[in-house]
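The first residue of the sequence shown is numbered 1, and numbering continues consecutively from there.
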Amino acid sequence: MKKLILFIFLIGIFSCNKQRIEKKEVSNNEKLILEYFEHFNNHDWMKMANMYTETAEFKDPSLGQGIVKQTREQTQKKYSELNGVFPNLNDKVISVYPSGNQHIIVEFISTGTAADKSKFELPICTIFTIIDGKITKDFTYYDNFEN
């Protein structure tokens, strides 16, 4: 009888945990960022750039040291040029970590192949700041040193 009660108790616990997991709501900011990566992987640089405020702040080793302000047009141009070098550019999202009301942290792997058949695979972490449905900051971190 004790085993039956324990069994029913455990089933109840697992059922409750499963319901909590299934009911996890995705915030509007998480949806926005997942849409961002869809545009990236579709190479729709205009739609992706329009997800930023007119001028956004970036931390990205490819742009230099510190915080760099870029317009939507500059962002679109940067990714269009990168896509010219790596036609099959793709980002695979590993995890999305909401942090407060305005920040989303995304862990992803960027891959691509150049015309000379050289390939890259780069683990990246980006902290997005989102205000009023637009990305205001894009702080991207990756190892930019070659082995």
Side-chain angles (χ1 to χ4, degrees), residues 8-147:
I8 292 170
F9 176 75
L10 290 175
I11 288 177
I13 288 175
F14 288 121
S15 296
C16 289
N17 284 338
K18 184 178 179 185
Q19 287 173 352
R20 273 188 255 149
I21 291 169
E22 290 172 358
K23 289 183 181 180
K24 179 190 178 278
E25 291 189 29
V26 177
S27 72
N28 288 336
N29 287 348
E30 287 176 85
K31 290 176 188 173
L32 181 95
I33 293 304
L34 293 175
E35 180 183 339
Y36 172 94
F37 281 95
E38 280 182 41
H39 295 322
F40 183 96
N41 288 331
N42 290 331
H43 303 165
D44 195 335
W45 309 123
M46 183 181 293
K47 282 185 181 177
M48 190 189 87
N50 283 332
M51 298 183 82
Y52 290 93
T53 53
E54 183 53 44
T55 302
E57 295 181 359
F58 292 82
K59 271 189 189 177
D60 185 332
S62 72
L63 297 173
Q65 295 289 324
I67 296 173
V68 177
K69 291 187 179 193
Q70 292 233 284
T71 64
R72 291 177 181 149
E73 292 77 22
Q74 289 172 309
T75 300
Q76 182 180 350
K77 182 180 180 208
K78 173 191 170 188
Y79 285 102
S80 293
E81 289 173 356
L82 182 63
N83 192 202
V85 177
F86 300 102
N88 66 338
L89 193 60
N90 189 290
D91 283 348
K92 179 182 176 189
V93 174
I94 304 301
S95 293
V96 177
Y97 308 96
S99 178
N101 293 329
Q102 296 180 338
H103 298 96
I104 301 287
I105 302 163
V106 183
E107 176 186 2
F108 60 100
I109 298 176
S110 191
T111 60
T113 306
D116 68 358
K117 305 293 184 219
S118 62
K119 296 182 179 191
F120 80 90
E121 183 174 300
L122 184 63
I124 301 174
C125 184
T126 298
I127 302 169
F128 292 99
T129 302
I130 302 163
I131 298 175
D132 296 329
K134 293 288 184 185
I135 301 167
T136 62
K137 295 179 183 176
D138 176 329
F139 290 4
T140 298
Y141 301 91
Y142 57 87
D143 181 1
N144 61 331
F145 294 104
E146 292 186 29
N147 292 332

How far does [atom1] of [X] sit from [atom2] of [Y], to the nearest 0.5 angstrom?
X	Y	atom1	atom2	result
Q102	I135	CD	CD1	13.0 Å
S110	L89	OG	CG	5.0 Å
M51	M46	CE	CE	14.5 Å
K137	T126	NZ	OG1	15.0 Å

With sequence neighbours excluded, what pairs up with [X] under the side-chain hydrogen bond (donor to acceptor under 3.5 Å, both in side chains) test?
X	result
T55	none
E57	none
T111	none
T75	none

Going by heavy atoms in the side chains, are [X] and [Y] under 4.5 Å from each other?
X	Y	value
P61	Y142	yes
F128	L32	no
T136	I130	no
V96	I105	no
E30	I104	yes
F58	K69	no

So which pairs with a foot in residues 92-116 pass ring-ring contact (aromatic ring centres under 6.0 Å, His included), sequence neighbours left out?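 Sorted pair list: F37-F108.
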For residues 67-93, which residue pairs qualify under ring-ring contact (aromatic ring centres under 6.0 Å, His included), counting only residues two or more places apart or in two chains?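 The answer is F40-Y79, W45-Y79, F86-F120.
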Return each pair, listed once, that meets salt bridge (charged side-chain N to carboxylate O under 4.0 Å, His left out) where at least one residue sits in residues 107-118; pairs must be two or more places apart or across chains.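 Not a single pair qualifies under salt bridge (charged side-chain N to carboxylate O under 4.0 Å, His left out).
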Residue pairs passing the salt bridge (charged side-chain N to carboxylate O under 4.0 Å, His left out) test where at least one lies in residues 35-50, sequence neighbours excluded: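 Found D44-K47.
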side-chain contact (heavy atoms from CB on, under 4.5 Å) between V106 and I33, intermediate numbers included: CA-CA 9 Å; V106 183; I33 293 304; 3.5 Å; yes
Taking side-chain contact (heavy atoms from CB on, under 4.5 Å) as the test, write out the residues that go with [X], two or more places apart.
X	answer
E81	K77
V68	L63, Q70
E54	T71, R72, E73

Give the minimum heavy-atom separation between T113 and N88, together with the two atoms involved.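 It is N-OD1, 2.7 Å.
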Atom of I124, atom of T140 and distance for their closest heavy-atom approach: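 Looking at all heavy atoms of both residues, the shortest contact is CG2-CG2, 3.4 Å.
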Derivation of the side-chain contact (heavy atoms from CB on, under 4.5 Å) call for K134 and Y52: CA-CA 5 Å; K134 293 288 184 185; Y52 290 93; over 6 Å; no
Within 6.0 Å of CG in N42, more than 12 heavy atoms from elsewhere: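 Atom CG in N42 is crowded, with more than 12 foreign heavy atoms closer than 6.0 Å.
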List for me each residue that meets salt bridge (charged side-chain N to carboxylate O under 4.0 Å, His left out) alongside K78, sequence neighbours excluded, and say none if there are none.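 Here the qualifying residues are D60.
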Are any side-chain N or O atoms of [X] and backbone N or O atoms of [Y], one a donor and one an acceptor, separated by less than 3.5 Å?
X	Y	value
N29	N101	yes
N41	N90	no
S80	Q76	yes

